[in-house]
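Encoded as structure tokens, the structure appears first; notes follow it.
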Amino acid sequence: MGRTLLYEGKAKQIFETDEAGVLLHRYKDEATAFNARKRGSWAGKGRANAAISAAIFAYLERRGIPTHFIEQVDEVTLKTRRLQMLPVEVVVRNVAAGSLSRLLGYEEGRPLRAPIVELCYKNDALGDPMLNWYHFRELGLTDEELGFCEGLGLRVNAALRPFFGERGLELVDFKIEVGRDAEGRMMLADEISPDTCRLWDKKTGERLDKDRFRRDLGGVEEAYEEVLRRVTGGEDS
Ligand code: 5GP
């Protein structure tokens, strides 16, 4: 099958194939943080993230949440539906951490009264700022799109919090992206992995996600392997 590189991101390459409307997402071992000011890589990252994302997308599909995922084709590659992406990063939070702790002056680990949804403008040059609906309308997004993004974020959270909970992991927060297929249907896109979620061990509080890389905590490779083991080795609920 011929592959043409369409786009190379920080952690993934996206290829076009001869199959119309279908893309290949190849997960890389590279990691970046702080808008690519910090860079690194470790063996097995792409394999872990591809398998974790595939398992989570398949789970969400079974729960009736539309995603771009079609199938996993090799250790590091997922076949996906080709989408027109919305320039939005949807962040959902259950526990204060990261930028929310800075925003509200909350210590990390403080539980939130209810999940918080934030919509950020996907724009590296601007540092992915959090915007409100008025700003997004100015950028050309519709209320239908914004409502879908918020609703999807909450639905994914409602499905994944217990999914991770049963595997001994607290879903502290995560980021998802949304796109439209050729028929105009909006769905979940991009990836769901320890690169895009904060996952804390429920017993020890240990961070099993990209914060180990961002904050130089060590053991990042082992943390991703542990999430992979819990996500793919557990009960298939
Ligand atoms: P924060 O806003 O606290 O930095 O991030 C909140 C959550 O969204 C974290 O789980 C973080 O991993 C995820 N997130 C937000 N923006 C990005 C991004 O640009 N790239 C990735 N990989 N994750 C992000």
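Quantities reported herein were computed from a predicted structural model and do not represent experimental measurements. Throughout, residue positions are numbered sequentially from 1 according to the sequence presented. Note that ligands are numbered from 1 as they come in the structure, with each ligand's atoms numbered from 1 the same way.
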Ligand-side contact atoms (ligand 1) for residue partner [X], heavy atom cut-off under 4.0 Å:
{"X": "Gly98", "value": "3 (O)"}
{"X": "Asp195", "value": "12 (O), 21 (C), 22 (N), 23 (N)"}
{"X": "Thr196", "value": "10 (O), 12 (O), 13 (C), 22 (N), 23 (N)"}

Min side-chain heavy-atom separation Leu104-Arg110 under 4.5 Å:
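Not touching, per the 4.5 Å side-chain cut-off.
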Taking atom [atom1] of [X] and atom [atom2] of [Y], what is their separation to the nearest 0.5 Å?
{"X": "Met187", "Y": "Asp181", "atom1": "CE", "atom2": "CG", "answer": "4.0 Å"}
{"X": "Arg3", "Y": "Leu24", "atom1": "CZ", "atom2": "CG", "answer": "5.0 Å"}
{"X": "Ile70", "Y": "Glu19", "atom1": "CD1", "atom2": "CD", "answer": "6.5 Å"}

With a 4.0 Å cut-off on heavy atoms, is Glu191 touching ligand 1?
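Glu191: no contact with ligand 1 (<4.0 Å).
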Proximity flag Arg93 to ligand 1, non-hydrogen atoms under 4.0 Å
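It does; at least one heavy atom falls under 4.0 Å.
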In terms of ring plane angle, is the pair Trp42 and Phe213 parallel, tilted or perpendicular, where the classes change at 30° and 60°?
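Tilted: the ring planes of Trp42 and Phe213 meet at 30° to 60°.
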Taking 4.0 angstrom as the limit, do Arg198 and Asp209 come out as a salt bridge?
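Salt bridge: no.
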What is the nearest protein non-hydrogen atom to [atom], stated with its residue, atom name and distance?
{"atom": "atom 5 (O) of ligand 1", "answer": "Arg198 NH1, 3.7 Å"}
{"atom": "atom 9 (C) of ligand 1", "answer": "Asp173 OD1, 3.1 Å"}
{"atom": "atom 11 (C) of ligand 1", "answer": "Arg214 NH2, 3.6 Å"}
{"atom": "atom 2 (O) of ligand 1", "answer": "Ser99 OG, 2.5 Å"}
{"atom": "atom 19 (O) of ligand 1", "answer": "Asp128 OD2, 3.4 Å"}
{"atom": "atom 13 (C) of ligand 1", "answer": "Lys175 CB, 3.5 Å"}

Does Arg137 make a cation-pi contact with Tyr134 (under 6.0 Å, within 45 degrees of the axis)?
yes
Of the backbone atoms (N, CA, C, O) and the side-chain heavy atoms from C-beta on, which set of Glu89 has a member under 4.0 Å from an atom of ligand 1: side chain, backbone, both, or neither?
side chain
With heavy atoms only and a cut-off of under 4.0 Å, state how Cys197 meets ligand 1: side chain, backbone, both or neither.
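Backbone only.
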Under the ring pair (Phe, Tyr, Trp, His ring centres under 6.0 Å) test, which residues partner Phe69, sequence neighbours left out?
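Phe69: no ring pair (Phe, Tyr, Trp, His ring centres under 6.0 Å) contacts found.
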Among Val76, Thr196, Asp195, the one residue meeting side chain to side chain contact (heavy atoms under 4.5 Å, CB included) with Asn49
Asp195
